[in-house]
Amino acid sequence: MNIESIMQQCGVDPSTYTQGVLATYSPIDGNEIGQVAVASAGQVTACISEAHQAFLQWRTIPAPRRGELIRLFGDELRQHKLALGQLISIEVGKIRSEGIGEVQEMIDICDFAVGLSRQLHGLTIASERPGHRMMECWHPLGVVGIITAFNFPMAVWAWNAALALVCGNAVIWKPSEKAPLCALAVQSLFNRACERFGAVSLNALSSVINGDHITGKALVNNSHVPLISATGSTGMGQQVATQVAARFGRSLLELGGNNALIVAPSADLSLALRAIVFGAVGTAGQRCTTTRRLIVHESIHDKLISQLKHAYQQLRIGDPLQSETLVGPLIDRAAFDAMQVALQSASQQGGNVWGGERVLSELFPQAYYVRPAIVTLSAQTDIVKHETFAPILYVLKYQSIEQAIALNNDVPQGLSSAIFTTDVREAELFMSSKGSDCGIANVNIGTSGAEIGGAFGGEKQTGGGRESGTDSWKSYMRRSTNTINYSNDLPLAQGVNFQL
């Protein structure tokens, strides 16, 4: 399938991706695949106003009925799973199984949200005053702005939108300027679900505004958008957080990761090896949960490095649409240049660099395929503490588990972490308050590939936000504490006596 056939299947108007000024390119070969319209500041304002009107109606629909819309949307995703997966591969370079897996993740979160639509509940709280009942209720916020990155061009929106919509909100999606076609296709399928839903006008319940940081800024700075959920770099998150805070809005931030995997002496090395390779090279190292640091006990360091290099030599690098490919391209030249700068810095800081060079340049002169790199170092230097969105795996030795945990925590980011061990004491220590300081701490699985059933997010420069899973739905709602007096008296709290 090509772009035209995929977009036709999804019901996208050709004019929306062929007649704009924002060009999008496939990292597979560097060729242009579409041109989309850029939303002006005035158009963003109008979109927010329309979304607010949709919210005013949508919030009155019972939550289980709102869940029905998400069920219908999930059906649309199931019917177009392969087409959407291929679109992800074409527009951002993921291998086929990862592209299809991302769509499956959207389907999963829809299922989760449908069940959640019957569980949006508060608490009844014991009151200190006789004849009184106290409770908490949860209400929708309004318009939720969702800003997504290129590496998960569909799923991250779904994590937010499925929950936000069943909670009674409207959503506006500002996708990465590197992946606008993915957003248009998903929005078209959502519109189809709305048509099937019927019974209520759903115009502007979900909207897409394409553009660059200027478009994003217009969304972020609008006081009629009470929540901005933003996924991207730490630098972007700093700007969003300060701008939203200045207007007393809320921000839900999913930012950088510098994820470490500890390999203990007792580890099952065959298990660890598979987790390390996928974690380090999956999506060409362009996941926020990519394994970027490997902390290996000195007794098995050399053996594991030898096995890793052998495994890396077996990796099939190339066109992500080919079924045998395991590593696709970097998103663009800027990503390649950043990788080369990082490897040069690592070498200057005492690292021994293996791999990292560009490949397939003769076959794809406008695309950037690279051989994943392994860098061994004697210390955790400045470049190791910096997140480079590329397949670079820094390897460090450790002697004690306490030292390994200290290395894991000694970076500005705090998203995902893992340990491979069969020692229950090490595993429990790693997951304890004295262990990993990350939002995700795994044992005997890698850093990459979270399930939607658990809250996703991290600490420190990762932003502190949580998406999907458990009680993350509360991020999309406001809490109201209610006290009801069913007595004939008016006792005051704290025993205050105020008699007129």
Side-chain angles (χ1 to χ4, degrees), residues 256-280 285 288-309 311 342-343 345-354 373-388 391-448 458-462:
N258 196 345
N259 316 295
L261 188 153
I262 299 170
V263 184
S266 66
D268 180 334
L269 290 187
S270 64
L271 201 66
L273 184 67
R274 295 199 299 274
I276 295 163
V277 175
F278 172 71
C288 54
T289 54
T290 290
T291 304
R292 307 205 180 280
R293 297 176 296 137
L294 185 61
I295 303 169
V296 187
H297 192 270
E298 59 183 6
S299 65
I300 56 173
H301 176 274
D302 293 348
K303 178 181 179 181
L304 183 56
I305 292 300
S306 177
Q307 292 177 344
L308 268 176
K309 288 181 178 179
L343 292 176
S345 296
S347 180
Q348 293 170 348
Q349 294 171 20
N352 182 18
V353 178
W354 183 87
I374 296 173
V375 183
T376 55
L377 299 107
S378 59
Q380 190 154 258
T381 61
D382 289 343
I383 191 59
V384 181
K385 297 181 181 183
H386 172 79
E387 181 193 31
T388 302
I392 302 174
L393 181 64
Y394 300 107
V395 185
L396 303 162
K397 294 180 183 178
Y398 80 91
Q399 294 178 324
S400 69
I401 185 61
E402 291 79 11
Q403 180 190 13
I405 291 172
L407 286 169
N408 176 83
N409 296 347
D410 188 26
V411 292
Q413 310 84 359
L415 178 52
S416 186
S417 59
I419 186 171
F420 276 77
T421 181
T422 55
D423 184 332
V424 68
R425 293 168 299 183
E426 289 183 330
E428 292 290 343
L429 177 63
F430 181 73
M431 292 185 293
S432 76
S433 60
K434 295 170 60 178
S436 170
D437 64 359
C438 297
I440 299 170
N442 296 329
V443 176
N444 293 330
I445 65 169
T447 66
S448 191
E459 303 300 322
K460 302 187 293 189
Q461 288 189 8
T462 300

Check: residues 256-270 side-chain donor-acceptor pairs under 3.5 Å, at least two apart:
residue : atom : partner : partner atom : Å
N258    : OD1  : R293    : NE           : 3.4
N258    : ND2  : V384    : O            : 2.8
N258    : ND2  : K385    : O            : 3.2
N258    : ND2  : Q413    : OE1          : 3.4
N259    : OD1  : S416    : N            : 2.9
N259    : ND2  : C288    : O            : 2.8
N259    : ND2  : T289    : O            : 3.4
N259    : ND2  : T290    : O            : 2.8
S266    : OG   : T421    : OG1          : 3.1
S266    : OG   : T422    : N            : 3.0
S266    : OG   : T422    : OG1          : 3.3
D268    : OD1  : S270    : N            : 3.2
D268    : OD1  : S270    : OG           : 2.7
D268    : OD1  : L271    : N            : 3.2

So how far is it from [X] [atom1] to [Y] [atom2], rounded to the nearest 0.5 Å?
X	Y	atom1	atom2	answer
L415	I440	CG	CD1	5.0 Å
I405	L429	CD1	CG	4.0 Å
I305	K397	CD1	NZ	9.5 Å
S448	R292	OG	CZ	9.5 Å
E426	E402	CD	CD	8.5 Å
T447	I419	OG1	CD1	13.5 Å

Using every non-hydrogen atom in the two residues, find where [X] and [Y] come nearest and quote the distance to one decimal.
X	Y	answer
A373	L343	CB-CD2, 3.9 Å
F430	A441	CE2-CB, 3.9 Å
F420	A275	CZ-CB, 3.4 Å
A346	L377	O-CD2, 4.4 Å

Summary of ring pair (Phe, Tyr, Trp, His ring centres under 6.0 Å) pairs that have at least one residue in residues 391-417, sequence neighbours excluded: H297-Y398
Taking the side chain as everything from C-beta on, heavy atoms only, tell me whether [X] gets closer than 4.5 Å to [Y].
X	Y	result
N408	C438	yes
L304	L294	yes
L308	L393	yes

Between Q349 (side chain) and I383 (backbone), is there a donor-acceptor pair under 3.5 Å? yes
Can you list every salt bridge (Lys or Arg N to Asp or Glu O under 4.0 Å) pair that touches residues 427-444, not counting sequence neighbours? D437-K460
